[in-house]
Amino acid sequence: MVPISYYLGLSAALFISGVAGFLLKRNIITIFMSIELMLNAVNLSFVAFAAQLHNLNGQVFVFFVMVVAAAEAAVGLAIIIAVYRTRNTLNVDQVDLLKL
Amino acid sequence: MELLLFWVFAAICIGGALNLLAQKHPINSALSLVVVMASLAVEYLLLGAEFVAAVQVIIYAGAIMVLFIFVIMLLNAGEEPHGGKTSMVAKLVGIPALAILAVMLVWSLGTQAGGSVAVAGAEPGPPQVIARLLFNDFLLPFEVTSVLVLIAIMGAVVLAAPLKPHHAEQILEHLKSGGQN
Amino acid sequence: MSLNDSILTLVTFLPLAGAVLLMLSPRRDREIRWFALVITLFTFVLSLHLPAHFDSSKAGFQFETNLPWITSPNIHYHIAIDGISLWLVVLTTFLTPLCVLLSWKNIHGEAKEFFVLLLALETAMIGVFVSLDMFLFYVFWESTLIPMALLIGIYGHDRRVYAAVKFFLYTMVASVFMLAAILWLYGKTGSFDYTTVQAAIRSGQVEGLGYVAVWLFLGFFIAFAVKVPLFPFHTWLPDAHVEAPTAGSVLLAGVLLKMGTYGLLRFNVGFFPEQSRIHAPWIMALAVIGIIYGALVALVQPNVKKLIAYSSVSHLGFVVLGIFALNTAGADGAVYQMLSHGVSTGALFALAGILYDRRHTYEIKEFGGLAATMPRYATLFLFITLASVGLPLLNGFVGEFLILSGAFSAKAIYGVLAASGVILSAGYLLWLYQRVFFGKVTQPVNLTLQDITPREQAVIWPLMAAALVMGVAPSLFLQQIEPSVLGTLQGVAATAARMLPTISSLGPLGGR
Amino acid sequence: MTANLHLWLIPLLPLLGAAINGVLGKRFSRQLVSAVGLAGSGSAFLYALWVAAQYSAIKAAMPIVETLAPWIQAGSFRADFNFQLDQLSFLMLLIVTGVGFLIHVYSVGYMWDEGGYYRFFAYLNLFLFFMLMLILAGNYLLMFIGWEGVGLASYLLIGFYFTKDSAANAGKKAFIVNRIGDFGFLIALFLLIQHFGTLDYAALATKVSQLGVEAGWGVLSIIGVLLMVGAAGKSAQIPLYVWLPDAMEGPTPVSALIHAATMVTAGVYMVSRSHVIFDRAPQALMVVAVIGCATAFFAATIGICQTDIKKVLAYSTVSQLGYMFLGCGVAAYSAGVFHLMTHAFFKGLLFLAAGSVIHSLGGEQDMRRMGGLRKEIPWTFWTMTAGTFAIAGFPFFAGYYSKDMILWKASQQSMILFGFGLLTAFITSFYMFRLWFMTFFGERAPVEAGHGHDDHGHGTGHAHESGWFMLLPLIVLAVLSVIGGWMVGGGDGFEKFLTPVFGAPAEVAEAAGSLSEGAVSAMATVAFLLGFGLAWFLYVRRKRIPAQIAENLGGLYSAVLNKYWVDEIYAAVIVNPMVAISRSVLWRGVDQKIIDATLDDAAAGANQLSDEVRKMQSGNIRSYAAWVTAGAVVVIGYMMWMGAAR
Amino acid sequence: MTPNEISYSHILPEVVLSVFGMLIMLAEPLLGERASRKPLGYLAFAGTLAAIAATFVQGQNPGFAFWHMVHVDSFSTFFHLLVLGITALVILISFDYVEEETVHAGEYYGLVLLGAVGMCLMSSAVELVLIFVALEISSIASYVLTGIRRKSAAGAEAALKYFLLGSFATAFFLFGVAMMYGATGSTNIPEIAVALGKGNIPGLVYVGMALMFVGLGFKIASAPFHVWTPDVYEGAPAPIVGFMSTAPKAAVFAVMLRIILQTGAPGWLYLIWGSAVLSMTLGNLGALVQNNVKRMLAYSSIAQAGYILVAFAAAPQEGTSAVMFYTLCYAAMNVGAFAVITFFSGKDERLVHLDDFSGLGTTSPLLAFTLTIFLLSLIGIPLTGGFLAKFYVFQVALKANMVWLTIIGVVNSAVAAYYYLRLVVVMYMRPAPEGAVRVSAPLPMRLALLAAAAATLYLGILPSGVLNYTEEAAAQMLAAPATKVVAEQ
């Protein structure tokens, strides 16, 4: 038997990795992927909690999260394309016209 | 046995995540992410969520990641670009914050969450139960996601549709002149 | 419904109604001027109903209107006047038509907006004096800011923007402390009503007041002190005055500053007699510093308006001194001095404006020897100067004398020090007079200056008449002021008796 | 109760004159202006005479107090428009209206050619109004109206030639110095209010008389000293005398009326009026006496060296006023008032005569350029002679009686006061005869044209006698100067007249060492003779000696010549530092550098802070994420702490 | 009507909006290539009006529906009306903007309407999952709208920033939801309330609350999660800034109120306290030196969120009422202000610098006058909604004995006067530039301006009706019955 907290710990670790990716990566697409990683981490928590609680709601949530993730992916990638088109770069550090 | 599986796939999972961070090329990162997702699917199975596991593979790894890779290819994104001002703040504020956040989250999830000994994989999530939930209790969110998807489609269309050529030139000129807006 | 029930509302909002009408009217300057004049004069005439039907035997509020406005929070349209506010209202309505006359032809810019602002300002100023609901009071209080700031900022002189912003921010920042205090009181009493809150405080029903009282007192104090302006919060005043158009200066000095002293008397003393007593020493000290400081700085000003502005600092120091003498003579004198300062300093600014219309400068060194070229003007100026200096039989003396004697019996040293301000006021005003009017004409352009015109005389003469009447027959005013002042000071007397049972008397000048 | 005298009408009459001339005078002819002005003062004088005619009838009822209307009421304090007539104010009334009227007449002649003629008469009438308020007031506050008002009139009249800077300065100086005195006066009033609750003479007298004589520095002494400060301002006593010599910038009739005969004596009147207080405050009385004596002596010494004829008279006035205070200070109020009266006669006369001299010389005021005038302007010479002898104390002239009386009373108090008084009498005699000799005897020095203060525009060739408008008042005053003392029955008679006011004079104990009245008279007469002789010797016989003395004395002489540099010291110690401090420390320092700069700094600080805050917005997405993460850490940390602390 | 069934009347406004959104999408291809896009705008406007009408119908049927997913009460009706009102105004001011900037009109109006669906739903949702989905609807619509000016590099950058950071925050929110779920076994607000009401609250709840606060705080642009705001507002189209600075914020505030107050979650008081102080201070400080008007208003919106949080910190019932009232007033004045900017900034939004507004008082009196009203209201000058709202907020805060918070708040509001005033000063006290012509706004814009100005003044002068309503709604919301569990018994 695997203690539920292991799963949660794994979830936390993945979430942290996602945050770290956002903070450390320069490529916009990679950053976006980090966000996906964070969402995945949350999904793991949901499923783990669902298992702990013997309550399937958690699994249902995962579907919604996935739908949202898909929608975000569509829009997000479109935005990235738009940025690339106007800036010709995917370096997040160069997208800083608006500031102060 | 389950514990072993958990550890193996947890290790793969973490490894994939770290690899995502370590890789310079977005394609490699994307593939790492696929690895993470796949191993997560296994974890789901361990937790008795077969349906979720299946969907995870189909939607995430199958659809979303394909989209990512498609875009990476489309934009011909290469090695992680350099240049531009790197943010000191991201390092000076972000990394310590990240460390603390890690400690806090792991601590609170690892120790605070319910009982640490839990029944794992005890109750399988039969698709019909999930279906009942989805179309009764969660009918409204389910229906509302249609609006979400519609928005996403509209958004993708309006943002990614090609510009008329003269617009692109205008933008480039505008950029060259260093102006804003 | 008799006129007594609605008169106050009428007087308050008639100018605003005029402003709205003006806003909708076409830009025909001539008609606009006349319309503004008629409206303000009519308001003045209407406001004369107030003293005429005021029952001076009563200390309480009269001409009361109390209608619910907002149910939650519990806000009322509650207006009324007592002897203290009565004459301030009349002063306002009296000065405004004169300001219209003063602005007859010298507006730099759109006349329409100017008069709209002026009329709106009048309503706001009257509103401050008549409101008994603290919310309403605050509304009017802040409402005076906008038209005044715009008058300065749009129609003023070179550094008008700086002055307008300074004026606005100073007052705004200070008044939020008052707002906080009002809100606290509301939180504890559930009412914004002046009389209700006062009664609650006096009967000790406000829970937790003891330890907060000092902060509430200071909250109100800072808002009013900046408005007065009391040293060291005064530096906005010279700038505002110098840059303001003449009408703006007249109303600023004549009425707006009085809002501060009025507030000190009404709220600080009215609500917190015990705190007033505790804090009186240093407030009086500040007032005295203001008196002397203002006078000394006025002495060396190279600019007519700045000089008068600093003289206002000095004169209003007297008012604050009188209020915090916390005895009848002092407070009577303070209220009287408010009116008197409104008349004489208003007139001084009007006269300075008349000069400006001719030379477009306020620099004293640009003038000299004007008594020869503008003899009538010189005479009127002298009269007003003397009124301002506090010559007996003119308005300034009565207030100053009462304040000084009140301050003297409260704490002799303050009376003595403040009295030295009387000497200095003679110094700077006469020196000003000498530099502007005496000597030989040094600038050729001054040789051809036109003497004061009939329209300008129509502004100055009423002010002179008022100065004279106030100097010769102060009882006319004091008989209505005093019962209300006594009512306000009641609390002080009560706390005095409580705090110092052995020295309960306020001296011979205390209550009757 | 006697019939209502309507005393309020007396001041009102000149006020009417002032109002008419002031408002309409510009369009009047000179004749009409003169008529109105003379009517204003003359009617008041007639009214005073009418009152005087009833003296025996109303004598018993004195003091008569008539209340016209309430003025200020606040709390328990009230001050009314009430007028009081007793022997003292009665006497003052006659002096003021009488001398005033004469000077009005004189002014018609003197000012005829001046610009602003109507203005002059309006001011003059206005002055009379305030002066009459001052003396007829029934309470201190009403007196204060007149007190300030005469200051105002004085300001206006001194600055009459306003295009001249010196005149304008002098007017301002007079007003401000007066205000300094008024400051003391006001404080005294506040003390009175605080301790007695009233300013009414009658009520005060009742309350004060219940108190005993103060041994040390009690309230009454302090009040007394403060009143004396006020009096010193108005009556040009040390240390506030400085304005009076400058006030000579005004037209000469003004000097005569305001700065010799009437206004400057207001202080003496006020001290006498307050005798109830002073009687119980010996310390204050001593202050009065010392100030009076010191001023008398000090001013007299300055008078020795002055060369401007009006300045000599001005210092002489200061000196004589010192005498009056000396009188009051030794509790001989009637002596002080007596000297006040005689002084009004002879000093008024001297000024008018001096004016006549100046007038005849086309504006020349420097005595060194005069001489030998006695033949050219005989009327002026003879009247001036009467005045000179009167002031110098020639026996049986007016000044002899009053000065005598003061010296005698002083001798009973203190031999030092008496000694200085006597010395002053000698100096007075000396500088007056110096003036007399320099002006009317010897030869006239050659003159360059265009000098002088009263810009008359006459040539300076031949001196010519003044017209009758000017001479008539001279003659009347000359007669009064000669017989004024004798007329009222000398000191004793005068004292008796004022007894109802001041109370019976204390019986003089002929203590050992004190002088008899006769001895004092003799010594005074000797002083007169010595002064006369010395003046004759130095300015008629050996004209070169004064210059030699001046050389030998060097510093002392120049000190005296420059009026001991008092003006300069005041300027250096008080005025200039005050202006400098106000400008550089208060205005540019505190106001601009501290208060405004603090606020500006605060504003700049806010702007800087704003700039710093803006740096959070680096534009870099990753830094934003870092902020969000950091925020999240804080939030989560806090909440975990809350959870743990639960 | 039981809570466990399908009831379209409970989501009628959302349905109406979605239908109109789709209609617009269908209608767009029917218009010719060169034809004016205004008919789409009219359609959208009509849709909003219809949705407003639908809201009244919806309001007739209070209570739960869809298996306790939504709860219709006065509280939700209020926020529905608010969001729809804002939407209507924004559509009015967009008519000419859309034409001028040649954005895709169909998508533009469609996204606005569909975004509004999400916002409306947020205010009536009582289930964290539904809230999450609705929140994403509104967010994604906002991301797209931000970048809808495809010619604008700034627009794309703004969209990217908004999107990346928004998703980042969403992940936090979601994690919080997961923890709440794990700790209480439910994501339904009433049920969570029951679970929490049993006492012995697990530590995970606190962490969950914290994470949700991070996500929601980001959406309302409260410090320290405000950093994205200025950049995004500067780059986004002006009418959309007016939209997204008000409507989603209002909806998120509704969500926060429900989550925090209805669940009776512990420990949040000083969290909000601190966030309020930081938001007010940082927002106002940042705005002080801004010369770009849009950016200045962005900072100001951070500060305004801070004021709303003050009310939040205060007290359950009156605080809720104050939040509602404040969001309403804020919506009126902020949309109004951005309406003026929308019109004035001209093609490509070139004129957004402070100096560009010189002399607007003479060149365009109506524009200047209304903008002045909005700015004065933002400062908090009496007789405007902004004043009364602040007054109400601080009053409530003081009543709850939050003295320091109030003092910091009032001082902030006074300091803030400076930068708003700068704009007023420039408009009235600086001369118009050479060659400036009198411009007058087109009719829809005027209507919107007058409506916003009228609302601002109405709320400042005669707020009684609204205040009574908000207080009652707050009471209803707090007294919300009834968990699924209880209701089913």
Side-chain angles (χ1 to χ4, degrees), chain A residues 4 8 11-12 15 18-19 22-23 28 31-32 34-50 52-55 57-58 60-65 67-69 71-88 92 94-100, chain E residues 127-130 132-133 135-137 139-141 143-144 146-148 150-188 204 211 228 230-235 286 289-290 292 295:
Chain A
I4 210 77
L8 295 176
S11 161
F15 192 85
V19 176
F22 199 121
L23 289 175
I28 296 173
I31 288 177
F32 190 19
S34 306
I35 292 171
E36 293 295 335
L37 188 57
M38 290 163 74
L39 292 179
N40 268 292
V42 176
N43 282 349
L44 180 58
S45 294
F46 268 123
V47 176
F49 280 126
Q52 181 193 21
L53 297 163
H54 306 287
N55 174 332
N57 285 4
V60 177
F61 299 155
V62 176
F63 293 118
F64 288 111
V65 175
V67 174
V68 167
E72 272 189 1
V75 170
L77 291 170
I79 290 174
I80 291 172
I81 292 172
V83 169
Y84 186 78
R85 205 158 38 206
T86 54
R87 287 289 164 79
N88 218 3
V92 78
Q94 283 174 342
V95 188
D96 60 350
L97 276 185
L98 301 167
K99 60 183 156 196
L100 295 180
Chain E
E127 157 69 50
L128 293 177
V129 169
L130 181 58
F132 170 66
V133 174
L135 184 63
E136 278 303 294
I137 291 176
S139 299
I140 292 180
Y143 304 152
V144 178
T146 301
I148 205 162
R150 299 188 314 139
K151 292 177 286 173
S152 158
E157 181 182 330
L160 179 73
K161 282 180 172 168
Y162 195 13
F163 166 72
L164 285 180
L165 293 166
S167 306
F168 188 59
T170 303
F172 278 90
F173 175 75
L174 201 58
F175 209 7
V177 173
M179 289 185 185
M180 285 304 273
Y181 170 66
T184 63
S186 173
T187 50
N188 190 280
L204 211 51
L211 286 165
W228 57 279
D231 293 4
V232 173
Y233 284 11
E234 188 184 344
V289 291
Q290 294 300 332
N292 181 317
R295 213 172 161 81

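In what follows, every chain begins at residue 1, and chains take the letters A, B, ... in the order their sequences are listed.
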Residue, of V60(A), L39(A), V68(A), that accumulates the most heavy atom pairs under 4.5 Å with chain E: V68(A)
Interface moiety of V19(A) toward chain E, non-hydrogen atoms closer than 4.5 Å: both
Proximal to chain E - members of residues 40-48 of chain A, heavy-atom separation under 4.5 Å: V42(A), S45(A), F46(A)
Nearest heavy-atom neighbours spanning F49(A) and M179(E): CE1-CA, 4.1 Å
Least distance between heavy atoms, F15(A) atom then A171(E) atom: CE1-O, 3.8 Å
Point-to-point distance, once rounded to the nearest 0.5 Å, from CG of L204(E) to CG of L8(A): 8.0 Å
Choice from G147(E), A183(E), G185(E) maximising heavy atom contacts with chain A below 4.5 Å: G185(E)
Contact leader toward chain A among A159(E), A178(E), G166(E), S139(E), where contacts are heavy-atom pairs under 4.5 Å: A178(E)
Winner by heavy-atom pair count (cut-off under 4.5 Å) against chain E, out of G18(A), A71(A), A50(A), S34(A): A50(A)
Contacting region of E136(E) [heavy-atom separation from chain A under 4.5 Å]: side chain
Non-hydrogen atoms of R150(E) and T86(A) that approach each other most closely: O-CG2, 4.1 Å
Spacing of F163(E) atom CZ and I28(A) atom CD1 [to the nearest 0.5 Å]: 11.0 Å
Minimum heavy-atom distance E157(E)-V83(A), with the two atoms named: N-CG2, 4.4 Å
Smallest separation among heavy atoms of F64(A) and V129(E), with atom names: CD1-CG1, 3.6 Å
Student check: side-chain heavy atoms of F22(A) and L165(E) closer than 4.5 Å: yes
Residue among L174(E), T187(E), I140(E), V232(E) with most heavy-atom pairs under 4.5 Å to chain A: L174(E)
Within residues 74-81 of chain A, residues adjacent to chain E where the heavy-atom gap is under 4.5 Å: V75(A), G76(A), I79(A), I80(A)
Minimum side-chain heavy-atom gap F61(A)-L128(E) below 4.5 Å: no
Between CE on residue M38(A) and CZ on residue F172(E), distance to nearest 0.5 Å: 4.5 Å
Residue part contacting chain A, namely of F132(E), when any heavy atom lies under 4.5 Å: side chain
